[in-house]
> 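Got a structure for you, written out below as structure tokens; questions coming shortly.
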There are 4 protein chains.
Amino acid sequence: MPPRTGSSDAPRSFVEEARRAQIVRCTIEIIASLGYAQASLATIAERAGISKGVISYHFAGKDELIAQVYTSVMTMAAQRVLPVVEAQPRAQDKLRAYIEGSLAFIADHGPESIALLEIWNGLRTSAGQPVLDARSYEPGLEFLQAIFRQGHAAGEFRRFVPRTMAVAVRSVIDGVLIQRATYGADVDIAESSREIVALFEAATRAVRDDATRSKGPTRKPRAKR
Amino acid sequence: MPPRTGSSDAPRSFVEEARRAQIVRCTIEIIASLGYAQASLATIAERAGISKGVISYHFAGKDELIAQVYTSVMTMAAQRVLPVVEAQPRAQDKLRAYIEGSLAFIADHGPESIALLEIWNGLRTSAGQPVLDARSYEPGLEFLQAIFRQGHAAGEFRRFVPRTMAVAVRSVIDGVLIQRATYGADVDIAESSREIVALFEAATRAVRDDATRSKGPTRKPRAKR
Amino acid sequence: MPPRTGSSDAPRSFVEEARRAQIVRCTIEIIASLGYAQASLATIAERAGISKGVISYHFAGKDELIAQVYTSVMTMAAQRVLPVVEAQPRAQDKLRAYIEGSLAFIADHGPESIALLEIWNGLRTSAGQPVLDARSYEPGLEFLQAIFRQGHAAGEFRRFVPRTMAVAVRSVIDGVLIQRATYGADVDIAESSREIVALFEAATRAVRDDATRSKGPTRKPRAKR
Amino acid sequence: MPPRTGSSDAPRSFVEEARRAQIVRCTIEIIASLGYAQASLATIAERAGISKGVISYHFAGKDELIAQVYTSVMTMAAQRVLPVVEAQPRAQDKLRAYIEGSLAFIADHGPESIALLEIWNGLRTSAGQPVLDARSYEPGLEFLQAIFRQGHAAGEFRRFVPRTMAVAVRSVIDGVLIQRATYGADVDIAESSREIVALFEAATRAVRDDATRSKGPTRKPRAKR
DNA sequence: CATGAATGAGCCTTCATTCAT
DNA sequence: AATGAATGAAGGCTCATTCAT
């Protein structure tokens with residue numbers, strides 16, 4: 001009797017949960033070190049020291065395994081980042097906490113972060129379309145946009161399109177991750193964190209001096225593309 | 001006998017050049033629409049309406065085909081962006097030209113841009129390591145860093161780590177590309193371009209008020225990588 | 001996950017050993033009946049009544065399969081021939097035992113013998129060079145040369161170049177094998193055995209006339225190869 | 001209009017004959033250096049500096065090309081060996097001339113000899129059966145058997161089965177060729193020639209002492225094949 | 001629960017052959 | 001007389017999946 005495939009209602013046994021967790025952990029390591037495309041069930045099973053069939057036994061298929069990895073890492077990241085962010089009252093501080101928290105997570109959980117990126121990049125439907133739920137940064141982007149809206153309402157930020165800024169913040173964080181994945185420990189994440197916090201503070205700060213404001217950047221949308 | 005495999009000196013015939021171009025074009029389309037992993041020779045051949053063997057006839061192998069796609073798109077992008085950037089004397093204007101040019105290329109050559117990104121993400125050595133020459137943004141990053149160094153020397157920019165800022169600029173541009181790839185025409189690239197230009201103008205502008213300056217972020221400009 | 005690819009230490013299961021043996025057996029039959037070049041995995045699998053993938057599952061690749069066939073048959077032949085030869089004290093008798101044993105093996109294990117010959121003839125490196133370890137008869141030739149050297153030392157044999165005589169003996173045995181492969185049961189191996197024993201007895205026997213004898217049998221023992 | 005494919009009656013033009021000869025020559029070289037299995041039309045055409053299609057134009061197919069190579073080399077060898085052999089009145093001298101001539105041909109026409117061997121070994125019908133006309137040594141064997149029968153009739157030779165001895169002679173000659181193909185110039189063919197002549201002189205010589213004769217090996221000379 | 005075994009589709013590549021020019 | 005171009009079958013191999021035990 002194959003164990004639950006999504007819809008079943010019986011709770012998973014303790015042993016089974018442990019196995020699933022172990023498999024997920026190995027999958028993360030493999031994806032991080034070899035890349036999504038090389039993460040075959042055979043490779044994962046070998047790394048985990050188990051038979052290939054076990055994976056199929058505990059997961060409906062490779063898709064469910066990858067989804068589990070995705071969910072698992074996303075949850076870890078959210079637990080690491082969200083509480084700290086929401087503890088800040090001011091939007092500017094929330095933004096800083098978001099950046100610092102995200103990069104700290106990358107520093108502390110390199111393989112998990114890289115796996116996430118690989119899944120975003122590699123996961124496709126059978127028709128070739130990116131799997132939206134996984135691919136899109138929607139939850140993260142929405143969260144950032146909320147911060148920006150709060151900051152706009154409070155006058156903490158200069159005027160800008162929240163979504164574009166949200167995309168920018170996420171992209172830069174992911175960019176650091178890619179650097180880290182490519183060059184390893186040569187990339188100083190603490191330094192990057194300080195730099196990027198400064199970058200977005202400067203980029204979002206409401207202009208103090210109204211004189212400067214007159215040539216403010218988002219005033220007259222430049223016609224030229 | 002597959003025509004030219006590297007060492008031959010004879011020029012390619014007109015017909016062959018046309019076929020190669022056609023195959024490269026179809027490969028770009030396939031990669032852009034289905035992803036790098038799904039871009040098998042069979043799929044490409046089907047899209048091109050030719051037999052699988054034709055690809056092997058015109059290219060030494062899949063590797064050469066992908067390399068050709070990469071080179072071809074990189075060249076297009078460079079020709080679109082570099083001249084405009086270098087025509088600007090001031091670093092601040094160069095940066096704007098770089099962002100505007102890159103995003104304009106994305107707007108005009110969506111499939112090509114996406115294919116490039118997919119190749120960067122997907123190309124691995126057999127050992128699973130990313131292929132550095134392709135994977136790294138090094139040429140682009142170096143170009144941006146040169147702009148930032150010029151701007152620093154001229155006092156146009158506030159102090160920051162050039163490499164981190166370069167990574168940030170490239171990441172944000174790629175982030176817009178991903179949005180475009182995911183949501184298509186719903187993403188207004190012209191607007192994004194204006195926003196991102198403003199973002200980095202604000203992020204790099206030399207601070208007038210020296211008070212802020214005192215806690216200047218970039219202590220030790222570190223060696224690349 | 002393909003079971004054991006060289007480095008693993010776990011013993012093979014009974015079932016797996018049986019499958020490997022079955023596949024090796026079918027490979028021998030195919031090579032013997034269709035030739036080395038026609039022995040594709042598809043053909044072998046079809047003959048074995050299994051799917052092509054099974055072979056890849058049990059063997060690292062075609063190379064390992066062929067190597068296994070080679071080793072397996074060589075071992076059989078050696079076990080059949082060597083003990084009988086070494087039981088003989090005199091070189092002349094050793095030679096006869098070698099010829100009789102080799103031809104008896106051919107008579108009893110036709111397909112295996114033919115497969116061996118096909119592998120010797122067909123196995124090439126990718127550059128087209130014969131694979132020496134397999135191609136060369138070196139082990140067998142060395143064994144024969146040792147017999148001849150013993151016979152020379154004991155004065156049992158007339159003077160001749162041991163290596164050339166060794167090549168001759170092996171060649172004639174292989175020649176009978178080819179006849180057998182070509183004409184099947186029409187070739188009377190027992191008769192051939194008697195004839196060839198007589199042939200080489202006459203060819204190697206020390207000349208009665210001791211005058212010739214005085215100048216010792218092996219003038220210039222030439223470097224092997 | 002494709003040129004003759006076997007049955008046509010029009011004579012071949014001079015140019016066409018030259019092309020065919022050139023292609024045959026290159027095929028011999030390729031087979032000798034890379035082996036039969038690696039001798040693809042592409043390789044041959046490349047070596048010949050012509051387009052692959054030319055071969056198909058001048059030959060009905062690969063089979064006809066190989067057959068042509070075979071015929072061509074066999075003719076060369078026959079012209080080299082047969083006249084010298086037939087000039088000898090005595091069987092013993094004919095045998096020596098045959099061996100010396102054959103080995104001299106090998107020494108002088110290494111590639112051709114190796115190609116012949118490769119074709120014998122590699123050429124199969126589509127059903128996998130060896131192509132008899134090519135594979136069998138029949139013409140050569142028959143020729144040798146005739147010599148032996150003459151020698152038997154004249155009492156020059158001891159009693160033995162002509163066919164077996166013929167197989168032995170051919171096999172040993174081919175064995176030297178294989179050594180030459182494997183080890184190149186390290187193999188001293190002149191020495192081998194002397195040794196092998198001596199070998200078969202000793203092996204075939206009529207026994208002086210009739211006492212030994214009484215247990216003569218060949219009781220019943222059996223029907224060929 | 002877990003496994004070893006087997007499958008079949010798909011991948012990239014090579015090759016003899018065909019054909020319009 | 002020759003060629004460049006294209007084809008389609010087959011080759012070895014990998015992989016997610018299934019299944020009896």
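Letters A, B, ... mirror the listed sequences (proteins, then strands); counts begin at 1. Everything numeric here is computed off the predicted structure, so don't read it as measured data.
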> Between atom CD1 in B:I23 and atom P in F:dA5, what is the gap in whole Å?
11 Å
> Roughly how many Å is it from CZ in B:F14 to C1' in F:dT3, rounded to a whole number?
18 Å
> Could you check which nucleotide pairs with E:dA9 in any of the strands shown, counting Watson-Crick or G-U wobble with both distances under 3.5 Å?
F:dT14
> Nearest heavy-atom pair of C:A115 and C:I31: which atoms, and what distance?
CA-CG2, 3.7 Å
> Report the base-pairing partner of F:dA1 (Watson-Crick or G-U wobble, both distances below 3.5 angstrom), or none.
none
> What is the distance from CG of D:L65 to C1' of E:dT17, rounded to the nearest Å?
14 Å
> From CD of A:E46 over to P of F:dA16, roughly how many Å is that when rounded to an integer?
13 Å
> Which heavy atom of C:E118 sits nearest to which heavy atom of C:Y36, and what is that distance?
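Scanning both residues completely, I find the closest heavy atoms to be OE1-N, 3.1 Å.
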> Does the side chain of C:N121 come within less than 4.5 Å of D:W120's, by heavy atoms?
no
> Produce the list of close N/O pairs, under 3.5 Å, pairing protein atoms with atoms of nucleotides 7-11 of chain E; give distances to one decimal.
residue	atom	partner	partner atom	Å
E:dT7	OP2	C:S51	N	2.8
E:dC11	OP1	B:S40	OG	3.0

> Kindly check if the number of other-residue, nucleotide or ligand heavy atoms within 6.0 Å of CD (C:E46) is above 12?
no
> Return the value, rounded to whole Å, for the distance between atom CZ of A:F59 and atom C1' of E:dC1.
14 Å
> For a side-chain contact (heavy atoms from CB on, under 4.5 Å) check, start with the C-alpha distance between B:T27 and B:Q68, then their side-chain angles and the critical distance, and finish with the verdict.
CA-CA 10 Å; B:T27 305; B:Q68 188 55 241; over 6 Å; no
> What is the separation between atom CZ on D:R20 and atom C1' on F:dA1, rounded to the nearest whole Å?
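Atom-to-atom, D:R20 to F:dA1, this comes out as 15 Å.
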> What is the distance from CD1 of A:I55 to P of F:dT18, rounded to the nearest Å?
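Going from CD1 in A:I55 over to P in F:dT18 covers 14 Å.
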> Using the salt bridge (Lys or Arg N to Asp or Glu O under 4.0 Å) criterion, which residues pair with D:E29? Sequence neighbours excluded.
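With sequence neighbours excluded, D:E29 shows a salt bridge (Lys or Arg N to Asp or Glu O under 4.0 Å) to D:R47, given in chain and number order.
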> Would you please confirm or rule out a distance under 4.0 Å between OP1 or OP2 of E:dA2 and any side-chain N or O of A:H58?
yes
> Grab the CD-P distance between B:E17 and F:dG4 for me, whole Å please.
15 Å
> With distance as the sole criterion, is a donor-acceptor pair present between the side chains of A:Q22 and A:R19 under 3.5 Å?
yes
